[in-house]
**Q** 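Below is one structure. I have some questions about it.
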2 protein chains.
Amino acid sequence: MHTRRRYHHGDLRAALLTRAEETLREKGPTALSLRELARDLGVSHAAPSRHFKDKQALLDALALTGFDRLDERMSASLKEAGESFAERMKAAARAYVDFATANAELLDLMYSIKHDPKASEELIAASQRWTRQTLNLIAEGQRRGEVREGPLERVGIGVFSTLHGYATLAASDSLPPDVRAEGLDELVAYILRGCAPEKPRQTA
Amino acid sequence: MHTRRRYHHGDLRAALLTRAEETLREKGPTALSLRELARDLGVSHAAPSRHFKDKQALLDALALTGFDRLDERMSASLKEAGESFAERMKAAARAYVDFATANAELLDLMYSIKHDPKASEELIAASQRWTRQTLNLIAEGQRRGEVREGPLERVGIGVFSTLHGYATLAASDSLPPDVRAEGLDELVAYILRGCAPEKPRQTA
DNA sequence: TCACCTTTGTTGTCATTGACAGCATTGTTG
DNA sequence: CAACAATGCTGTCAATGACAACAAAGGTGA
């Protein structure tokens with residue numbers, strides 16, 4: 001174990017991000033202090049600046065790892081899901097909601113950073129990648145004839161809004177707890193009704 | 001005009017909230033400083049503490065005014081809306097989305113505060129009041145036979161999620177701009193499909 | 001091997017901030 | 001008009017983010 005006696009930490013950048021996320025989770029975003037992070041990692045108070053120009057830069061990077069992990073979870077969940085649109089949507093919903101509840105503060109960070117006019121390009125790209133991944137689900141469903149036709153943005157926006165809204169509400173503890181657990185099935189059913197093909201008698 | 005020569009400001013508390021919201025809107029939440037607020041209002045750096053024990057207390061109060069205004073806008077919008085569920089839902093959606101885009105950072109504050117385990121009771125109450133107001137729309141629709149039956153939480157949760165998600169996404173600039181403007185109608189249509197009665201042939 | 005350069009940490013410093021304590025002024029009420 | 005409460009002020013402190021100047025480690029090429 002590197003007993004912190006070494007001048008060079010080894011991977012301070014990663015360590016900072018990890019510890020920062022713990023702090024974020026445990027004590028909220030306002031309690032996150034660069035100096036405290038440094039202390040926790042046994043490093044001088046200015047060391048973090050070598051890896052993050054700014055406190056904001058650290059937060060950006062943190063949000064970025066959030067999107068990466070969200071993408072990852074989502075992909076994994078979809079990989080295991082069946083082929084039908086219903087199954088895939090349910091898998092996606094579960095992945096998103098699970099992530100949101102397990103990383104409430106992080107999710108908040110991921111989206112609140114967008115308010116900043118000069119948000120890092122990487123971050124915006126990551127966010128859009130994530131959005132597109134979800135919208136792809138819809139396109140897929142359309143190809144299978146299980147989702148009504150129409151431009152992707154129009155059809156997908158409702159679905160994406162619903163998923164995001166539910167996840168956000170769950171994360172911010174704004175849902176009655178009993179609903180949250182078992183409500184996913186109902187939510188998916190609602191989504192499916194919302195984007196079902198115009199002529200209901202398409203699928204067997 | 002009170003030229004700030006007076007020892008007592010008159011209504012420092014309200015002034016602080018007003019100015020705080022401006023700063024929040026213009027420079028984001030991290031830039032909000034009690035001392036700067038005090039300076040702006042021509043008041044000593046410790047004066048705000050007479051009205052807000054804490055920075056957090058100010059933020060809580062700010063979020064509270066947000067919920068109040070949101071309720072207000074929503075009520076006003078509904079008062080002018082027609083009777084049908086479709087019309088009322090559309091009015092609600094427009095009110096929420098308008099509020100969200102016009103007060104993006106504030107909305108963020110309103111919901112992010114919930115993460116705090118010891119969020120003020122008032123704030124939680126306000127949030128729940130707002131949720132209930134929206135859910136009432138659903139109940140109303142059910143009474144009119146324009147919304148499928150079932151426990152309110154189950155039926156309403158999807159609708160509320162969709163509204164909240166769309167508003168949040170719009171506020172955080174995560175929607176393609178062209179979609180945002182004209183997409184409300186489509187969104188409402190999607191919502192209506194999602195909560196339509198099981199037997200479509202109910203209404204003439 | 002060793003001189004050089006780059007990366008990564010370190011120490012020192014500064015202005016700003018939030019919080020608190022103690023005092024001053026004003027307004028109110030009996 | 002004399003308490004007294006409400007509101008504001010000055011002073012101070014520790015913590016913080018940012019920056020500058022310096023130091024150690026880790027290559028890299030002659």
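So that the names make sense, note that chain A is the first sequence line, chain B the second, and so on, each numbered from 1. Worth knowing before you read on, the calculation uses all heavy atoms, side chains too, and leaves out hydrogens, waters and symmetry mates.
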**Q** Output all residues satisfying side chain to side chain contact (heavy atoms under 4.5 Å, CB included) with Arg193(B), sequence neighbours left out; order by chain, then residue number.
**A** Arg148(A), Glu186(B), Ala189(B), Tyr190(B)

**Q** Which angle, rounded to 10°, do you find between the first-five-pair axis and the last-five-pair axis of the helix from dT1(C)-dA30(D) to dG30(C)-dC1(D)?
**A** 10°

**Q** If you check the Lys55(A) side chain, which of dT17(C), dG17(D), dG8(D) turns out closest?
**A** dG17(D)

**Q** Would Glu140(B) and Asn136(B) count as having a side-chain donor-acceptor pair, cut-off 3.5 Å?
**A** no

**Q** Check the distance between dG11(D)'s C1' and Arg35(B)'s CZ and give it to me in whole angstrom.
**A** 10 Å

**Q** When you measure from the side chain of Arg50(A), which nucleotide among dT11(C), dA19(C), dG9(C) comes out closest?
**A** dG9(C)

**Q** For Leu59(B) and dA19(C), give me the distance from atom CG to atom P, rounded to whole Å.
**A** 10 Å

**Q** Given dA20(D), dG18(C), dG17(D), identify the nucleotide with an atom nearest to the side chain of Ala46(A).
**A** dA20(D)

**Q** Compare the minimum distances between each of dG17(D), dA19(C), dA18(D) and the side chain of His45(A), then state the nucleotide with the smallest one.
**A** dA18(D)

**Q** Measure from CG on Leu37(A) to P on dG17(D) and round the result to the nearest Å.
**A** 9 Å

**Q** Expressed as a whole number of angstroms, how long is the span from Asp54(B):CG to dA19(C):P?
**A** 5 Å

**Q** Ser49(B) side chain N/O closer than 4.0 Å to the phosphate oxygens (OP1, OP2) of dA19(C)?
**A** no

**Q** Taking the minimum atom-to-atom distance to the side chain of Leu12(A), which one of dG9(C), dA19(C), dG8(D) wins?
**A** dG9(C)

**Q** What's the spacing between Cys195(B) SG and Met89(B) CE if we round to 0.5 Å?
**A** 6.0 Å

**Q** I want to check something: taking the side chain as every heavy atom from C-beta on, are Leu70(B) and Met110(B) in contact at a cut-off of under 4.5 Å?
**A** yes

**Q** When you measure from the side chain of Ser44(B), which nucleotide among dA18(D), dG9(C), dC9(D) comes out closest?
**A** dC9(D)

**Q** Counting distance only, does the side-chain N/O of Thr168(B) pair as donor-acceptor with the main-chain N or O of His164(B) below 3.5 Å?
**A** yes

**Q** Nearest whole angstrom, please: distance from the C1' of dC9(D) to the CG of Leu41(B).
**A** 15 Å

**Q** What nucleotide among dG8(D), dC9(D), dT17(C) has an atom nearest to a side-chain atom of Arg39(B)?
**A** dT17(C)

**Q** Between the side chain of Ser75(A) and the main-chain N/O of Asp71(A), is any donor-acceptor distance below 3.5 Å?
**A** yes

**Q** Regarding Leu32(B), tell me which of base, sugar-phosphate or nothing describes its non-hydrogen contacts under 4.0 Å with the strands shown.
**A** sugar-phosphate

**Q** Starting from P on dG8(D), measure out to CZ on Arg13(B) and report it in whole angstrom.
**A** 12 Å

**Q** What distance separates Leu16(B) CG from Asp11(B) CG, expressed to the nearest 0.5 Å?
**A** 9.0 Å

**Q** If I take atom NE2 in residue His51(B) and atom C1' in nucleotide dA19(C), what distance separates them, rounded to the nearest angstrom?
**A** 17 Å

**Q** Would you kindly give the CZ-to-C1' distance between Phe52(A) and dG9(C), to the nearest whole Å?
**A** 15 Å

**Q** Tell me which nucleotide among dC9(D), dG17(D), dG18(C) gets nearest to the side chain of Val43(B).
**A** dC9(D)

**Q** Which label fits Phe160(A) and Tyr96(A): parallel for a plane angle under 30°, tilted from 30 to 60°, or perpendicular past 60°?
**A** parallel

